[in-house]
Amino acid sequence: MAYWKAISLCRNFYENDQIKMKYYSTNHNTPDVSLEIAVTQGLASDRGLFMPERIDPLPSSFFREIGSMNFQEISFEVAKKFFGEDIPEQILKKIVFDTLSFDTPLVKVNDNIYSLELFHGPTSAFKDVGARFMARLLAHFLEKEKKMVHVLVATSGDTGSAVANGFLGVPGIHVHVLYPKGKVSEIQEKQFTTLGQNITALEIDGTFDDCQALVKSAFMDEVLKKRITITSANSINVARFLPQAFYYFNAWAKLEDKSRKIVFSVPSGNFGNLTAGLFAKRLGLPVSKFIAANNLNDIVFKYLQTGVYTPQPSISTIANAMDVGDPSNFARILDLYQNNHKAIANDIVGTTYSDDQIRETLLSVYKTAGYLLDPHGAVGFRALAELLKKGETGIFLETAHPAKFTETVEQVVGKGNVLMPEKLHAFMKGKKLSLEFSDKYESFRAYLDRLE
Ligand SMILES: *Cc1c(COP(=O)(O)O)cnc(C)c1O
């Protein structure tokens, strides 16, 4: 090999492996990119999902000291493993500390089952963590950018509110939330239509799929993309899903007895949350098993049983944030385990529950433990109640506050038994502002044409 070629290979090796984290696509059909490209681009150009090339375990000293650290401090140590090579330490620290202006408490529900409450953020669902982190990271990358950046997001409810609130007031960024008219709950709608400032809500006369199709058309519109800068903020973005590893560590830190085997039960839809848990395990978190807790949308459950993955049209359930028929992050799980079904089934156990079973669980936990679950958390709890073995401690992710689903929950536990937290109540007082559009690209395009 020629000397210069060898030198340049060495340098490439050094640059690739020592200096910065590279992100590859799960489709392995496009060159690796930097964190900045992965975050601003969202999806890889071969339509795959970005993955960090390395996951280096945290040192044992971290696990010795974790019990005395708070959520922000723990998360900062985890964040450095993912983003430390790309973001200066003080900036990363500020992003993490600003993102986590709320805690994720671990609440004991019965002898060996704990609820990891992820609903204490501004919109009362776990998506606040990823959305707030992504907003701040994007703002950091766009500092040098003179032009306004437009974030387009289609939502069936929770994503729109978390993204809108996460980006609220961030300079240089304007968020456009597309949602299906009449198909989101009142509280969800209020959470992204009352904000004003740099948030605009577009009410589309169509379904969620129509909203998503409009956003996709904009991303394929080369003429538009030459004129304005657009980016997406859905859960396939690495800046949204990786930070979700933070609270798995926080849960473990808060456990009194760390000697028992730990099982995490994750109410799953697009599988971003569960995938983040798998990353936490690769970083060294001693997790014995994960449960992929599903409603009747049981595609992953069937995969775990049979090794065959067959996407299906989604089925409507009362745990509607999990009504997903082709979970986008499943590609990341396959990639992490190199398509080895046996290895996946060794770490992840599947369950699936009907609406009646979800209601039954909600009611019985309310009656016997005095703990009010939301429909998604109920799926997670039930999986532990059925599958936990002797000597194991179970933690389920309580992904939203029950008041976000007041109607469903009150039908089960009785009217007046769901208390709305003050911050959700405050949204209800705001005045709804939205722009109405048909589901045709022409009218949405005319709107985009007026942006600068
Ligand atoms: C989004 C959401 C889920 C599903 O999370 P994934 O990461 O997509 O699996 C579960 N519960 C609630 C309340 C949600 O908003």
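For ligands, and for the atoms within them, numbers begin at 1 and follow the listed sequence. Position 1 is the first residue of the sequence; numbering continues from there.
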Taking both backbone and side-chain atoms of H376, is any N or O found less than 3.5 Å from an N or O belonging to ligand 1?
no
Using a 4.0 Å cut-off to any heavy atom of M322, which atoms of ligand 1 qualify?
10 (C)
Polar contact flag for G269 and ligand 1 (N/O pairs, less than 3.5 Å)
yes
Give the residue and atom name of whichever protein heavy atom lies nearest to atom 5 (O) of ligand 1, and the separation in Å to one decimal.
F126 CZ, 3.3 Å
Can a cation-pi geometry be assigned to K80 and F76, taking NZ or CZ under 6.0 Å from the six-membered ring centre and within 45° of the ring axis?
yes
Is ligand 1 under 4.0 Å from a heavy atom in the side chain of P267, in the backbone, in both, or in neither?
backbone
Relative to the heavy atoms of A400, which atoms of ligand 1 are at a distance of less than 4.0 Å?
13 (C)
Proximal ligand 1 atoms for N270, defined as those under 4.0 Å from one of its heavy atoms
6 (P), 8 (O), 9 (O)
Taking the six-membered ring of Y24, is the NZ or CZ of K22 close enough (under 6.0 Å from the centre) and on axis enough (within 45°)?
no
Nearest candidate to atom 10 (C) of ligand 1, where distance is taken over non-hydrogen atoms, out of N329, L397, D374, T399
T399
The answer for which part of Q244 has a heavy atom under 4.0 Å from ligand 1 is neither
Parallel, tilted or perpendicular: which fits the ring planes of Y441 and F444, with parallel below 30° and perpendicular above 60°?
perpendicular
Between ligand 1 and K127, is the shortest N or O to N or O distance under 3.5 Å?
yes
N or O pair under 3.5 Å between G272 and ligand 1
yes
Per-atom contacts of ligand 1 with N273, taking only distances under 4.0 Å to non-hydrogen atoms:
7 (O)
Run the numbers for me: atoms of ligand 1, each under 4.0 Å from some heavy atom of D158, listed by number.
13 (C), 14 (C), 15 (O)
Can you classify the ring geometry of Y248 versus F290 as parallel (below 30°), tilted (30 to 60°) or perpendicular (above 60°)?
perpendicular
For ligand 1, is there an N or O atom under 3.5 Å from any N or O atom of F271?
yes
Judged by atom type as modelled, is there a donor-acceptor pair below 3.5 Å linking the side chain of S185 to the main-chain atoms of Q188?
yes
Going by the angle between their ring planes, with limits at 30° and 60°, are Y303 and F330 parallel, tilted or perpendicular?
perpendicular
Can you say whether the rings of F249 and F63 are parallel (under 30°), tilted (30 to 60°) or perpendicular (over 60°)?
tilted
By the definition side-chain hydrogen bond (donor to acceptor under 3.5 Å, both in side chains), identify the one residue from T30, D335, D46 that meets it with S25.
D46
Does R359 make a cation-pi contact with F405 (under 6.0 Å, within 45 degrees of the axis)?
no
